[in-house]
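As structure tokens, the structure follows; a few thoughts come after it.
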Amino acid sequence: MPATLPAPRPGLLEGATVFLDIDGTLLELADDPEAVRADGPTRALLRDLAERLDGRLAMVSGRSLEQIDRILGPIAQALPVTGSHGLEYRWNEVWARPERLAVLNDVASAFHGLAQTWPGCLVEEKSYGVAFHWRLAPQARQQAETMAVQLADSHALKIQHGKDLVELRMPGGDKGQAVRRLMARKGMIGTRPVFFGDDLTDEAGFAAARALGGHGVLVGERALNGSSTAATLALPSPHAVRAFLRAFADGTAEVPE
């Protein structure tokens, strides 16, 4: 991929199906993941964007459905939503929620124990995974990743690396699967998928979108440092993503700086 990906053009979303990651893409990252919330203008943006796209707007996140509902508020109930990296999904009703593996409780206990030795580290317990965040204590990274490998091997879990975190989760899903599933639904089939994401967890979504004739839009610092990616387009920040989406929702042709 080129060192600098081009920005999306104003007409990219015409007739498209849009897939949005949340953390680091639609919304800025926070030191405490539980503090992330969409404000009023962002919720209004999602409502207006869904209307402009005739409902072809879906949220695809590593967060659980409960977390997504808490972050986005009532608008989440009106959108197709995939959580936990493709393991659970809902469109008007819950379609799939597999049984949670009990071994994730052991992982949570081990991660909480490690966090006590590294002030500033956080443990995020999800429906089908447990994440260890070291953004405020980067020196904990090596020990956290070593523990994650050991726990993944002993419990047959999948390791998912992200920005300043490592997550252990149940196997069987990814964001590419989420894209393919929704693109087979009435109203979306035959349209062009455009997936917006920022992290390594979004690469499967980028690849699936491209395989179906669409695009991946890489957001943030990875887009600026020439990282290898399946994305073909880029925007510099969540603010730029919201501006781009708002311009489309409003029918203007301005491209954000």
#### Entry: Joint cluster assignment, Leu165 & Trp118, ILVMFWY side-chain distance < 4.5 Å
no

#### Entry: Common cluster, Leu212/Ile189, ILVMFWY with side-chain heavy-atom separation under 4.5 Å
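No, separate clusters.
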
### Query
Heavy atoms, side chains only, cut-off 4.5 Å: are Val166 and Trp134 in contact?
yes

### Side-chain heavy-atom pair Gln67, Arg70 within 4.5 angstrom cut-off
yes

So, taking the atom named [atom1] in [X] and the one named [atom2] in [Y], what distance separates them when rounded to the nearest 0.5 Å?
X: Thr25; Y: Arg242; atom1: OG1; atom2: CZ; value: 11.0 Å
X: Arg100; Y: Glu125; atom1: CZ; atom2: CD; value: 6.5 Å
X: Leu104; Y: Leu168; atom1: CG; atom2: CG; value: 8.0 Å
X: His215; Y: Leu13; atom1: NE2; atom2: CG; value: 10.0 Å
X: Arg43; Y: Leu72; atom1: CZ; atom2: CG; value: 7.5 Å
X: Arg169; Y: Leu101; atom1: CZ; atom2: CG; value: 12.5 Å

### Atom CD of Gln139: over 12 foreign heavy atoms under 6.0 Å
yes

### Other residues, nucleotides, ligands: >12 heavy atoms within 6.0 Å of Glu51 CD
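Open: at most 12 neighbouring heavy atoms sit under 6.0 Å from CD of Glu51.
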
### Task
Take His155 and Met170 through the test side-chain contact (heavy atoms from CB on, under 4.5 Å) and record every step on the way to the result.
CA-CA 10 Å; His155 295 308; Met170 289 169 47; over 6 Å; no

### Message
Parallel, tilted or perpendicular, judged at 30° and 60°: which one describes the rings of Phe195 and Phe19?
### Response
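Parallel, since the angle between the ring planes stays under 30°.
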
### Task
Kindly indicate, with the supporting measurements, whether the criterion side-chain contact (heavy atoms from CB on, under 4.5 Å) is fulfilled by Leu157 and Leu151.
CA-CA 8 Å; Leu157 297 171; Leu151 290 169; 5.8 Å; no

### Task
Go through Leu235 and Phe196 one step at a time and tell me if the side-chain contact (heavy atoms from CB on, under 4.5 Å) criterion holds.
CA-CA 9 Å; Leu235 286 169; Phe196 290 77; 4.1 Å; yes

### Among Asp69, Thr82, Asp23, the one residue meeting side-chain hydrogen bond (donor to acceptor under 3.5 Å, both in side chains) with Arg63
Asp23

#### Entry: side chain to side chain contact (heavy atoms under 4.5 Å, CB included), paired with Tyr128, selected from Lys158, Glu88, His85
Glu88

### Query
Is it true that Glu66 and Arg97 make a salt bridge, defined as a side-chain N closer than 4.0 Å to a carboxylate O?
yes

### Query
So, Asp48 and Arg246, do they make that salt bridge, N to O below 4.0 Å?
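Between Arg246 and Asp48 there is a salt bridge, with a charged N closer than 4.0 Å to a carboxylate O.
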
### Query
Looking only at atom types and distance, does a side-chain atom of Arg192 sit under 3.5 Å from a main-chain N or O of Leu12, one as donor and one as acceptor?
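Such a contact is found between Arg192 side chain and Leu12 backbone.
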
### Message
Lys163 and salt bridge (charged side-chain N to carboxylate O under 4.0 Å, His left out): which single residue from Asp31, Asp21, Asp202, Asp198 fits?
### Response
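Considering Asp31, Asp21, Asp202, Asp198, a salt bridge (charged side-chain N to carboxylate O under 4.0 Å, His left out) with Lys163 is found only for Asp198.
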
### Query
Does a donor on one side chain sit under 3.5 Å from an acceptor on the other, for Thr42 and Asp39?
yes

#### Entry: Worked check of side-chain contact (heavy atoms from CB on, under 4.5 Å) between Val18 and Phe248
CA-CA 12 Å; Val18 173; Phe248 174 76; over 6 Å; no

